[in-house]
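Each ligand, and each atom within it, is numbered from 1 in the order the structure gives. We number each residue from 1, following the sequence as shown.
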Amino acid sequence: MEKYDYVIVGAGLFGAVFARQMTDRGFRCLVLERRTHVGGNCHTETREGIRVHVYGPHIFHTDREEVWAYVRRFCTFNHFVNRPKVFYRGKIFSFPINLMTLYQLWGVSTPREAEEALARKRVHLDREPANLEEWVLSQVGREIYEIFIRGYTEKQWMRSPRELPASIVQRVPIRLNFDDNYYSHPYQGIPVNGYTDMVRKMLEGIEVRLNTDFFDARDYWLKQGRKVVYTGRIDEFFDFRLGELAYRTLDFRTRFLPDVPDYQGNAVINYTDREIPFTRVIEHKHFDFRKAPHTIVTEEYPVAWRKDLIPYYPVNDRRNNEIYRRYREMARKHGRLILGGRLAEFRYYDMDQVIHAALKAAEKEAPVERMPIPVRGRAQPLRKRRAHGAWK
Ligand code: UDP
């Protein structure tokens, strides 16, 4: 008989939330993690007293009450609000595009003037926009597209914006008021003790094996659990049998500046010139309102994808989505496999969406209304019960 109900591959947000939920329902979970730490790509590390977002900046935001309540079981959030700036041809602009940006560009100072100016600039199509470029042109016109979107998008995705879906930029708001909060969600912040600490707390009392690559002993691990929850790259799980999926990856160049108390005056500055090779500069101390005589900054350079690099973003173009669809079908036939998270679901998920998906996946496996009555506040083990859905 298998030793665990769930062998969970990956200790990122999906794996940790799923493990927590199923453990609390009385199931036996084992979490395997290739890396030396939990937390996946939201891992933070303290260097010289500054918490560094090792795999790029992570700002938690959500409009889901249940997700906000859930994460606050494991940490306290600070009051950080993301208000990035854009650097283009030596000038700084307010971003995301808002009334201050339009004031800086065209001198308009009221929502009405802004709307009138935009109406003159918009490119009118007699059909639905077919790609990212057309969508942006139809919303804000060519000038704004050239300053804020084209260079950044070409650098970041290493593709023409004409080959990309508009959904990539539709994440970023366009506002005709002075609100420069990057997100439109009511809840936002960064865990005061870092994401890794939050994930560690989620995993409290759960068996986690770090430095353990599932693929080094795949058959062994598959036999250890009745089901496998896989949060890594789906093409890797199936030995790339249907071809490789494309992800976007980054090279983070981090510098310690011993004598600089404040390098750029903000956590995030985007560099939208095509000629500047990095897309943004992060100054980590601003995420935590940390005062120190020194600072740490990271430049983000997009890098061509190779399968030995760390995948950060799925490339959801038609070709890759089709390959993914076929892998998904293989996963369905596998029967014992649950896929979750940005890599395994091949979706440009935000952190709150991953957590929401993990809560739903746990609920699907063992709905709480079907749980036995808790004894002294703890759920009884369900091992003898069959979880919802068939074990194969
Ligand atoms: N984007 C842009 N200029 C910017 C910021 C974003 O053109 O200054 C576009 C770009 O295509 C990017 C997308 O908007 O991939 C989504 O940006 P977001 O900041 O959400 O990306 P992330 O922080 O996830 O890398």
Side-chain angles (χ1 to χ4, degrees), residues 13 40-42 53 55-62 80-89 91-98 100-101 104-105 129 131-137 139-175 180-185 188 190 246-252 264 266-274 276-282 284 287 298-303 305 310-317 341-343 347-354:
L13 284 177
N41 283 352
C42 58
H53 293 225
Y55 304 99
H58 283 73
I59 301 141
F60 189 86
H61 56 94
T62 190
F80 182 82
V81 171
N82 193 22
R83 302 181 198 281
K85 308 287 169 241
V86 156
F87 177 99
Y88 178 77
R89 297 204 178 157
K91 287 208 174 93
I92 290 282
F93 292 96
S94 183
F95 196 75
I97 294 155
N98 68 83
M100 182 56 83
T101 323
Q104 290 164 334
L105 283 174
N131 54 52
L132 192 156
E133 176 173 294
E134 286 187 4
W135 186 81
V136 177
L137 291 177
Q139 296 294 307
V140 289
R142 184 156 295 275
E143 184 183 354
I144 289 186
Y145 173 66
E146 294 290 340
I147 297 176
F148 295 96
I149 308 296
R150 183 151 78 140
Y152 189 98
T153 302
E154 281 179 7
K155 285 193 282 189
Q156 195 168 21
W157 294 91
M158 293 182 168
R159 280 169 174 72
S160 157
R162 285 186 207 145
E163 293 166 33
L164 292 167
S167 57
I168 289 176
V169 282
Q170 284 165 347
R171 300 159 52 83
V172 185
I174 299 166
R175 300 199 189 98
D180 60 353
N181 183 345
Y182 202 56
Y183 306 111
S184 302
H185 288 161
Q188 185 171 175
I190 291 178
Y247 295 83
R248 202 167 65 66
T249 190
L250 297 162
D251 183 18
F252 296 105
Q264 62 182 16
N266 207 37
V268 182
I269 298 197
N270 293 352
Y271 285 75
T272 58
D273 289 271
R274 186 68 190 85
I276 296 177
F278 46 84
T279 50
R280 56 186 175 190
V281 178
I282 307 306
H284 300 269
F287 289 122
T298 300
E299 292 162 355
E300 284 187 28
Y301 294 80
V303 175
W305 171 244
I310 298 176
Y312 290 103
Y313 302 84
V315 177
N316 287 114
D317 59 14
R342 221 186 229 205
L343 303 180
R347 282 182 57 183
Y348 193 173
Y349 266 150
D350 285 332
M351 288 183 280
D352 68 319
Q353 295 170 314
V354 174

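Residue R248 has no N or O atom closer than 3.5 Å to an N or O atom of ligand 1. In terms of polar-atom proximity, defined here as any N/O pair under 3.5 Å, Y152 makes no such contact with ligand 1. An N or O contact shorter than 3.5 Å links Q156 to ligand 1 by distance.
Of the listed options L132, T279, T153, T153 places a heavy atom closest to atom 11 (O) of ligand 1. Looking at R171, H58, R280, E300 and measuring to atom 23 (O) of ligand 1, the nearest heavy atom belongs to R280.
No side-chain heavy atom of L164 sits under 4.5 Å from any side-chain heavy atom of D317. Two residues are said to be in side-chain contact when any heavy atoms from C-beta on lie closer than 4.5 Å; H284 and H53 meet this criterion.
Proximity of L164 to ligand 1, defined as any heavy-atom pair under 4.0 Å, is not found for any part of the residue. At a heavy-atom cutoff of 4.0 Å, ligand 1 is contacted by both the backbone and the side chain of I149.
Distance check, rounded to the nearest 0.5 Å: CG of N98 to CG of N181 gives 10.5 Å.
Using a 4.0 Å cut-off to heavy atoms of F95, the atoms of ligand 1 that qualify are 4 (C), 5 (C), 8 (O). Close approach to N270 involves these atoms of ligand 1, each under 4.0 Å from a residue heavy atom: 4 (C), 5 (C), 8 (O). Near V172, meaning under 4.0 Å from one of its heavy atoms, ligand 1 places the atoms 14 (O), 16 (C), 17 (O). Ligand-side atoms of ligand 1 in range of T272: 8 (O), range being under 4.0 angstrom from any heavy atom.
Proximity of the aromatic rings of Y88 and F148 is defined here by a centroid distance below 6.0 angstrom, and this criterion is not met.
Of all protein heavy atoms, the one closest to atom 21 (O) of ligand 1 is Y348 OH, 3.1 Å. Nearest protein heavy-atom contact of atom 3 (N) of ligand 1 is F148 O, 2.8 Å. The closest protein non-hydrogen atom to atom 19 (O) of ligand 1 is Y182 OH, 2.5 Å. Looking only at heavy atoms of the protein, atom 25 (O) of ligand 1 is closest to Y313 OH, 2.5 Å. If you check which protein heavy atom lies closest to atom 16 (C) of ligand 1, you get I168 O, 3.3 Å. With respect to atom 14 (O) of ligand 1, the closest heavy atom belonging to the protein is V169 CG1, 3.5 Å.
The backbone N or O of I147 sits less than 3.5 Å from a side-chain atom of T272, completing a donor-acceptor pair. Checked by atom type and distance alone, the side chain of T249 pairs as donor or acceptor with a backbone atom of I310 at under 3.5 Å. A donor-acceptor pair under 3.5 Å is formed between the side chain of K155 and the backbone N or O of F278. For the pair K91 (side chain) and Q104 (backbone), a donor-acceptor distance under 3.5 Å is absent. Proximity of a side-chain donor or acceptor of E300 to a complementary backbone N or O of G56 within less than 3.5 Å is not detected.
Taking 4.0 Å as the cut-off between side-chain N and carboxylate O, D180 and R175 do not count as a salt-bridged pair.
Under the rule for a salt bridge (Lys or Arg N to Asp or Glu O under 4.0 Å), the partners of R162 that lie at least two apart in sequence or sit in another chain are E133.
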